[in-house]
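Data first, discussion second: the structure below is written as structure tokens.
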There are 2 protein chains.
Amino acid sequence: MTETKTDPRILRTRKLIMDSFIDLSSKKEFKDITIKDITTEAMINRATFYYHFEDIYDLLDKALTEVLFVNLNFEDYKDSDFDEDTFVRIFTAITDFQTSLSNRCHRGYEDTIARIIRDQLEVILYSILKRKHPSDADEGLKLSATMLSWGLYGASVEWRRSSNTVSPEEFIKTVTPYLD
Amino acid sequence: MTETKTDPRILRTRKLIMDSFIDLSSKKEFKDITIKDITTEAMINRATFYYHFEDIYDLLDKALTEVLFVNLNFEDYKDSDFDEDTFVRIFTAITDFQTSLSNRCHRGYEDTIARIIRDQLEVILYSILKRKHPSDADEGLKLSATMLSWGLYGASVEWRRSSNTVSPEEFIKTVTPYLD
DNA sequence: GCAGAAATGTTGGATATCCAACACATGATA
DNA sequence: TATCATGTGTTGGATATCCAACATTTCTGC
């Protein structure tokens, strides 16, 4: 393991910035949030922001990735099998994430959000597949993970379109019988 | 004015420490809270704690002073006269403060808390008296402030003893007619 | 009582953060 | 167009914070 622990100041500052950003984004449109707004709320210097993030889009990216990662709560089932329960939990995490975002104001960044969701899914799905088929070629596993992540994301879009007529659990369970 | 603005890192760190302490003190007895607990929660190094506070008693003192200061909300009436309304508001702030403390676990530190309350009151009362009688001797004003602060604190003890049979407002209004 | 563990304080060198200043871009106003 | 205000991004020197190590005190179990 390349375990090189990061300076706690870095963790703390990133957390302060991300928390402030998430907090602000529930009060303002993303386009109206300035870097000064964020650093003021976070009680850190503006220069320090640039020590951690390229720009505000980089922050958007990393903050959403972080939130989704927490939502997915990977630790809970990283050792479990690729069963229906795991599948349902992942799907529910996605829909929860999107619901929480719809309360904030990220209009115009749907494509960014979609990419973040698929990227995170891909990483997780690959690690599960890899454990199930340790000896298989990486290319095949990676492509499977990619396709599954697109599929899951697509399903979440479809679920949103059906506007809550059925719970995420019910929704995804209608397809799990066809997966193995 | 000797306005020398303090480094924002200092303000931020003190806030992190105090907030963590206040948070912890709602979950544990004061005597069971260690400095490591606080610094872990605050995400700061233990050595940094000692950069800001002598020890945990110093923190208790400063944290309670800060909370009481916020409760008193001095800015709101620092320009107002020493009328009944001001008097009632100060008294209410004290009882609110003590009520909030009774939910936390500071048993055994009643004397410390009492001293903090009187000290804060004294500062505020003196500034109000000084504005009302700018030309009077400081000794007299200071002694008046001291006596008033002891009196107000004593009234709050008496009010707590009467265990909520009457609101703080009603309680203190019964004596205001005798003050001028 | 005694030994081990855990908490308190302290220190010097390493590093993240701050500040002030700067150049540049953007948008509003006249 | 020109001007002013506001936001973005960058830099070098100053400073708060971190770390690891240490000595000391206080707690805990036997």
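Letters A, B, ... mirror the listed sequences (proteins, then strands); counts begin at 1.
- Within residues 40-62 of chain B, the residues that place at least one heavy atom under 4.0 Å from DNA chain D are, in residue-number order, M43(B), I44(B), N45(B), A47(B), T48(B), Y51(B), H52(B).
- In terms of the salt bridge (Lys or Arg N to Asp or Glu O under 4.0 Å) criterion, E169(B) has no residue partners (sequence neighbours excluded).
- With sequence neighbours excluded, the residues satisfying salt bridge (Lys or Arg N to Asp or Glu O under 4.0 Å) with K28(A) are D37(A).
- Ion pairing between D58(B) and K62(B) holds under the 4.0 Å rule for side-chain N and carboxylate O.
- Every residue two or more places apart in sequence or in another chain was checked for a side chain to side chain donor-acceptor pair (under 3.5 Å) with D119(A), and none qualifies.
- Scored by the side-chain contact (heavy atoms from CB on, under 4.5 Å) test, M43(B) finds L11(A), R12(A), K15(A) as partners (sequence neighbours excluded).
- Across the interface with DNA chain D, nearest-nucleotide mapping of I10(B) and T34(A) shows T34(A) to be the residue nearer the 5′ end.
- Every residue meeting the side-chain contact (heavy atoms from CB on, under 4.5 Å) condition with E139(B), not counting sequence neighbours, appears here in chain and number order: A137(B).
- Running 5' to 3' along DNA chain D, contacts with non-hydrogen atoms of chain A at under 4.0 Å begin and end at dT8(D) to dC19(D).
- Not counting sequence neighbours, the partners of N73(B) by the side-chain contact (heavy atoms from CB on, under 4.5 Å) test are D76(B).
- Among residues two or more places apart in sequence or in another chain, the side-chain contact (heavy atoms from CB on, under 4.5 Å) test is passed with S25(A) by I33(A), R104(A), H106(A).
- Applying the salt bridge (Lys or Arg N to Asp or Glu O under 4.0 Å) rule to R9(B) yields the partners D7(B); only residues at least two apart in sequence or on another chain are considered.
- Residues from residues 12-33 of chain A placing a heavy atom under 4.0 Å of any atom in DNA chain D, listed by number, are R12(A).
- Listed by first and then second residue, the side-chain hydrogen bond (donor to acceptor under 3.5 Å, both in side chains) pairs that reach into residues 140-153 of chain A are E122(A)-T146(A), sequence neighbours excluded.
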